[in-house]
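Worksheet for the structure shown next.
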Amino acid sequence: VNTIEYTDQDLLIFFLTGTLMFMILSFIVVFMFVFENKKKQEHIKEKRLMNEQFKTEIIKTEMDVREANLKEIARELHDNIGQLVTQMKLHHMKIAKLIPENKAELLNEGEEIVNHIIEEIRRLTTNFNGNDVLINGLESAIAKDVDRLRSVTGIFINLEISENNPLLTHEKNIFAFRMYQEIINNTIKHADATLITIELMPCNSKLCLIISDNGVGFDVKKIQRGSGLSNLEDRCALINAKMKIDSKPGEGTCIAIVI
Amino acid sequence: MNFLNYAYFLLLFIGTLIGFRYFNSLSTSFKFLALLFLATALDEYIAYYFEVKYGNNSPIYNIFIIIQYALIGGIYFYSPLAGKYIKYFIVITIIAFTFICIYRIVHFNKLWTFSLKLLQIESALILVMVLNSFWQIIRDKAVISLHHRGIFWVNMAFLFFQSIALLIWSFYDVLVCKSELYFITMNIFSSINLLFYSTLIAAIFVELNSIKNKDIA
């Protein structure tokens with residue numbers, strides 16, 4: 001009887017050990033697959049991050065190259081064409097001394113045109129090399145540009161610059177100015193607007209640049225992503241800025257950028 | 001011989017055939033697996049002959065257990081993920097295990113009997129290698145799906161088979177007392193044996209596929 005009892009006890013231990021063993025084996029297998037899944041997720045995350053970094057790096061390089069090209073054009077305009085036009089002006093002045101005053105009217109008109117060309121070259125040089133933004137700040141650069149646009153385009157431009165706007169880094173200032181230029185150029189070219197409002201104001205320790213117009217507007221969902229809009233999006237991505245476009249056909253456009 | 005035995009012999013034959021058909025394409029680790037298939041097939045055929053002729057096949061198994069452990073050790077020794085310490089462990093345990101087996105036969109003159117203790121030791125040692133291999137897979141920085149790793153399937157096969165073998169050999173005396181339970185257990189064990197060798201064959205194909213993909217990459 002003792003032997004049977006002993007065997008039954010052993011059998012119980014056998015079954016218990018077997019059950020425990022299967023539980024351990026199952027745990028090992030489940031652990032392996034859970035860990036593998038975790039590793040895969042981490043890998044995907046890492047890959048995505050690397051892709052984003054790579055993309056940002058490419059956009060940044062593109063922007064740097066574009067900025068360098070603009071600077072080069074500005075230098076060429078100033079050093080080469082600017083000098084030639086100045087020489088032309090001096091030449092004009094020399095001719096003006098040689099001809100009688102009653103015949104100088106046409107020459108004076110020519111001189112005015114030359115002066116205008118010099119002014120335009122100066123403006124382009126300033127716009128292209130971005131030094132004005134770096135030296136005088138974003139607000140001042142935008143204000144100057146708005147003054148020029150008012151006289152050139154005849155569009156009513158309302159500029160509102162708040163006080164105590166947060167200070168941006170040089171890089172962000174340049175980027176913000178380029179974005180402003182891109183939006184204003186598009187508005188003048190395509191919007192057919194009579195009123196443009198530009199606002200620079202602080203919002204939650206960030207700088208808000210809002211440009212709105214009363215032009216023809218467009219359907220935001222249907223708009224094709226051309227180079228203008230892509231440039232804006234790329235620049236925003238580079239400086240971690242957020243952009244919101246609000247527009248409807250016939251109801252104007254409002255673009256807000258938070259930097 | 002019943003159906004399970006025929007299926008077992010057939011699987012060993014197929015495994016050997018596949019292993020040697022693709023022998024040159026296999027990694028060193030899996031070459032040991034192919035050799036294990038060949039050794040097991042030869043061992044089982046000779047053991048069957050001994051059983052029929054002498055009514056005892058213990059001498060064959062006494063020799064085979066040494067070869068088997070060395071070949072399994074080879075699989076894990078040459079695994080690309082094997083670390084320094086597990087390699088030491090494998091070499092030392094192969095030497096020690098061989099010594100114990102030979103000492104038992106020579107010193108105690110037990111060629112015609114077979115010790116379940118040896119099987120238990122073998123299973124426990126193999127489980128250490130398997131668990132270490134799993135750990136190395138977890139630590140591996142390469143992101144390869146588990147089911148695309150040949151060694152993973154080898155590990156799975158050995159993990160389940162050796163755990164069950166260890167359990168059965170540990171409680172063998174208890175099971176023998178209960179003839180019905182013994183009969184059921186041994187039949188289940190034979191079925192698991194078939195599943196074990198089928199998984200090892202599948203592991204060879206997985207390994208071949210992974211080598212092929214590596215070459216393409």
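Labels below follow one simple rule: chain letters A, B, ... track the order of the sequence lines, proteins then strands, and each chain is numbered from 1.
For A/I13, the parts sitting under 4.5 Å from any heavy atom of chain B are the backbone and the side chain alike. Proximity to chain B (any heavy atom under 4.5 Å) is restricted, for A/F31, to the side chain, taken from C-beta onward. Looking at B/I164, both its backbone and its side chain come within 4.5 Å of chain A, counting heavy atoms on both sides. Interface remark: A/M21 contributes side-chain atoms only to the contact with chain B (heavy atom separation under 4.5 Å). Interface residue A/F14: backbone and side-chain heavy atoms are both found under 4.5 Å from chain B.
Of all residues spanning residues 165-172 of chain B, those with a heavy atom less than 4.5 Å away from chain A's heavy atoms are B/L167, B/F171, arranged by number. Residues of residues 140-160 of chain B lying under 4.5 angstrom from chain A, judged on non-hydrogen atoms, are B/D140, B/A142, B/V143, B/I144, B/S145, B/L146, B/R149, B/F152, B/M156, B/L159, B/F160 in numerical order. Close approach to chain A, defined as a heavy atom under 4.5 Å from one of its heavy atoms, is seen in no residue of residues 66-82 of chain B. Within residues 67-78 of chain A, no residue has any heavy atom under 4.5 Å from a heavy atom of chain B.
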Practice item. Begin from the C-alpha positions of A/K60 and A/E171 and carry the test salt bridge (charged side-chain N to carboxylate O under 4.0 Å, His left out) through to its verdict. Key: CA-CA 11 Å; A/K60 196 173 180 319; A/E171 192 191 31; 3.4 Å; yes
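Ring geometry for B/Y8 versus B/Y197: interplanar angle of 30 to 60°, hence tilted.
Side-chain contact of A/E139 with A/N165: a donor-acceptor pair under 3.5 Å is present, judged by distance alone. Using a 3.5 Å distance cut-off with no hydrogens or angles, the side chains of B/R139 and B/Q136 do not pair a donor with an acceptor.
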